[in-house]
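For reference, the structure is listed below as structure tokens.
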Number of protein chains: 2
Amino acid sequence: MGKTMSTPEALIELLRQSGRKMTPQRRAIIELLVHDTTHPTAEEIYQRAAAMMPDMSRATVYNTLHELVALGGLVETHEFSESGIRYDTNLDPHHHLFCIHCHALVDISHDFAEITLPPREAAGYQIIRHQITFYGLCPTCQERNKEQASPSNT
Amino acid sequence: MGKTMSTPEALIELLRQSGRKMTPQRRAIIELLVHDTTHPTAEEIYQRAAAMMPDMSRATVYNTLHELVALGGLVETHEFSESGIRYDTNLDPHHHLFCIHCHALVDISHDFAEITLPPREAAGYQIIRHQITFYGLCPTCQERNKEQASPSNT
DNA sequence: TTTTATTTTATAATTATTATAAATTAGTAA
DNA sequence: TTACTAATTTATAATAATTATAAAATAAAA
Ligand SMILES: [Mn+2]
Ligand SMILES: [Mn+2]
Ligand SMILES: [Zn+2]
Ligand SMILES: [Zn+2]
């Protein structure tokens with residue numbers, strides 16, 4: 001299953017092959033990305049990168065993320081952008097589990113049998129792929145809900 | 001099928017029952033919302049409302065949208081927010097068709113009932129609902145792609 | 001080592017959204 | 001119908017995420 005998960009080597013190679021220079025900043029961002037499965041935002045990546053390289057600038061983080069996306073080594077997830085676009089190094093088609101309380105986002109690699117849209121429902125669209133999102137409560141938030149019988153958000 | 005699609009009367013009633021005043025601005029925004037199936041953004045609603053009521057302010061549009069969402073008469077879609085949250089008066093659980101080229105967003109009312117996540121894949125999440133998004137090209141964008149491929153006219 | 005195009009950084013600009021506070025008004029009661 | 005008052009609208013400022021710009025720094029080639 002998880003075949004196309006990006007490695008640092010693969011991403012560095014992508015940059016090299018497109019004629020780009022390797023820099024310590026890009027290397028650091030790539031390392032952070034591939035070791036983070038939480039679908040972090042640009043700001044989160046910046047914060048972690050800046051902790052190691054204090055001179056790191058946000059522009060470099062944004063630039064590097066955009067380059068990697070353009071080169072196909074990284075995927076943007078616009079689906080849960082309450083606080084910015086989230087990035088994903090899992091390049092396989094996959095689905096997601098989203099905690100409606102704490103916004104944790106987890107990959108699902110399970111392959112669902114034949115979800116096909118009846119042509120009459122397709123409104124003339126040429127369908128390329130589909131993605132399922134499961135909304136629910138993560139284990140941590142279930143616990144918190146039990147402890148305090150207080151309602152929360154969407 | 002679309003039995004929970006909001007009507008102007010239903011939305012006005014929601015506001016009334018929550019002790020709010022009816023204003024021409026709110027009425028105009030509600031009318032626009034229920035007659036627009038494109039999942040418009042706040043800015044798009046503002047532009048259309050301002051065309052009819054030149055004194056309309058963005059704050060009123062944002063306030064009204066948030067009120068209706070809080071009262072359950074309107075749904076926010078964070079999924080395709082390349083240019084802001086999009087709003088949906090279709091309150092039934094439903095799926096979407098998204099054009100990756102022009103970002104048109106269309107409802108799918110078809111019921112794919114038999115999609116269940118195996119417990120071992122659920123990572124301990126308590127699942128509340130799921131939503132499928134089909135990504136593809138709308139009829140218009142398919143045409144444009146064909147024209148580009150075979151250069152003939154216009 | 002020198003050169004140079006690329007990259008990084010600091011900074012400003014832009015866009016979507018939220019906050020604030022003064023002016024207006026819907027709904028109510030005299 | 002008029003006056004009252006709390007809710008609403010508006011203009012404006014503030015904030016947050018992102019993009020643009022241009023000078024300083026540097027990776028890679030010569
Ligand atoms: Mn993912
Ligand atoms: Mn919809
Ligand atoms: Zn959670
Ligand atoms: Zn299209």
Side-chain angles (χ1 to χ4, degrees), chain A residues 11-32 39-71 74 76-87 103 153-154, chain B residues 11-32 39-71 74 76-87 103:
Chain A
L11 294 178
I12 288 169
E13 193 53 27
L14 269 181
L15 289 174
R16 280 249 162 73
Q17 290 194 333
S18 70
R20 261 155 253 243
K21 296 176 178 174
M22 272 318 299
T23 67
Q25 290 89 339
R26 283 176 173 163
R27 228 180 285 272
I29 291 166
I30 285 171
E31 282 299 328
L32 288 171
H39 305 77
T41 63
E43 178 65 20
E44 287 166 344
I45 294 161
Y46 165 71
Q47 291 299 339
R48 291 167 207 174
M52 308 189 72
M53 298 182 64
D55 288 344
M56 176 76 70
S57 92
R58 281 184 178 79
T60 297
V61 172
Y62 279 102
N63 288 342
T64 302
L65 294 175
H66 290 167
E67 286 162 2
L68 291 173
V69 168
L71 294 170
L74 188 64
E76 289 189 339
T77 297
H78 289 260
E79 291 175 56
F80 315 95
S81 28
E82 325 233 335
S83 56
I85 294 165
R86 299 172 74 154
Y87 290 87
H103 300 174
N153 66 343
T154 316
Chain B
L11 296 178
I12 288 171
E13 194 50 29
L14 270 182
L15 289 173
R16 279 246 163 75
Q17 289 194 334
S18 72
R20 263 155 252 243
K21 297 176 178 176
M22 273 317 300
T23 67
Q25 290 89 340
R26 283 177 174 163
R27 226 180 286 272
I29 291 166
I30 285 172
E31 283 298 329
L32 287 170
H39 304 78
T41 63
E43 178 65 20
E44 288 166 344
I45 293 161
Y46 165 71
Q47 291 299 339
R48 290 167 207 174
M52 308 188 73
M53 297 182 64
D55 287 344
M56 175 76 70
S57 93
R58 281 186 180 78
T60 298
V61 172
Y62 278 102
N63 287 342
T64 302
L65 294 175
H66 291 168
E67 285 163 2
L68 291 173
V69 168
L71 294 170
L74 188 64
E76 289 189 339
T77 298
H78 290 260
E79 292 175 55
F80 314 97
S81 29
E82 326 231 334
S83 55
I85 295 166
R86 300 172 72 154
Y87 290 88
H103 300 176

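Every chain is numbered from 1 and lettered A, B, ... according to where its sequence line falls, protein lines coming before strand lines. Hydrogens, waters and symmetry mates are skipped; everything else that's a heavy atom, side chains included, is used. These numbers were taken from a predicted model, which means no experiment stands behind them.
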* Asked: Over how many whole Å does the gap from B:Asn63 atom CG to D:dT12 atom P extend?
  -> 17 Å
* Who are the side chain to side chain contact (heavy atoms under 4.5 Å, CB included) partners of A:Met52, not counting sequence neighbours? -> none
* To do: Enter the distance from B:Lys21:NZ to B:Arg26:CZ here, rounded to the nearest 0.5 Å.
  => 9.5 Å
* Would you name the heavy atoms of A:Met56 and A:Ala50 that are closest together and state the gap between them? => CB-CA, 4.3 Å
* Asked: Of the nucleotides D:dA11, C:dT7, C:dT9, which has the atom closest to the A:Arg26 side chain?
  -> C:dT7
* Asked: For B:Tyr46 and C:dT15, what is the distance between atoms OH and P respectively, to the nearest whole Å?
  -> 15 Å
* **A:Asp55 CG to C:dT7 C1', straight-line distance once rounded to whole Å** => 14 Å
* Heavy-atom pair with the smallest gap, counting every atom of A:Val61 and A:Ala42 -> CG1-O, 3.7 Å
* Asked: Please give, in whole Å, the distance from D:dT19 P to A:Glu67 CD?
  -> 13 Å
* Quick one: pull up CE in B:Met53 and OG1 in B:Thr23 and give me the separation to the nearest 0.5 Å. => 7.5 Å
* Shortest non-hydrogen contact from A:Glu44 toward A:Pro40 -> OE1-CA, 3.1 Å
* Specify the separation, in whole Å, of atom CD of A:Glu43 and atom C1' of D:dT18. => 11 Å
* Asked: Within this structure, what is the CG-to-P distance between B:Leu68 and D:dT8, rounded to whole angstrom?
  -> 12 Å
* Sugar-phosphate means primed atoms, P, OP1 and OP2; the rest is base. With that split, encode nucleotides 18-30 of chain C 5' to 3' as B, S or - using protein heavy atoms under 4.0 Å. => B-------BS---
* Rounded to the nearest Å, what distance is computed from the CG atom of residue A:Leu15 to the P atom of nucleotide C:dT6? -> 15 Å
* Asked: Can you check the B:Glu44 CD to C:dT15 C1' distance for me, whole Å?
  -> 14 Å
* Taking only N and O in the side chain of A:Thr60, is any of them less than 4.0 Å away from OP1 or OP2 of C:dT9? -> yes
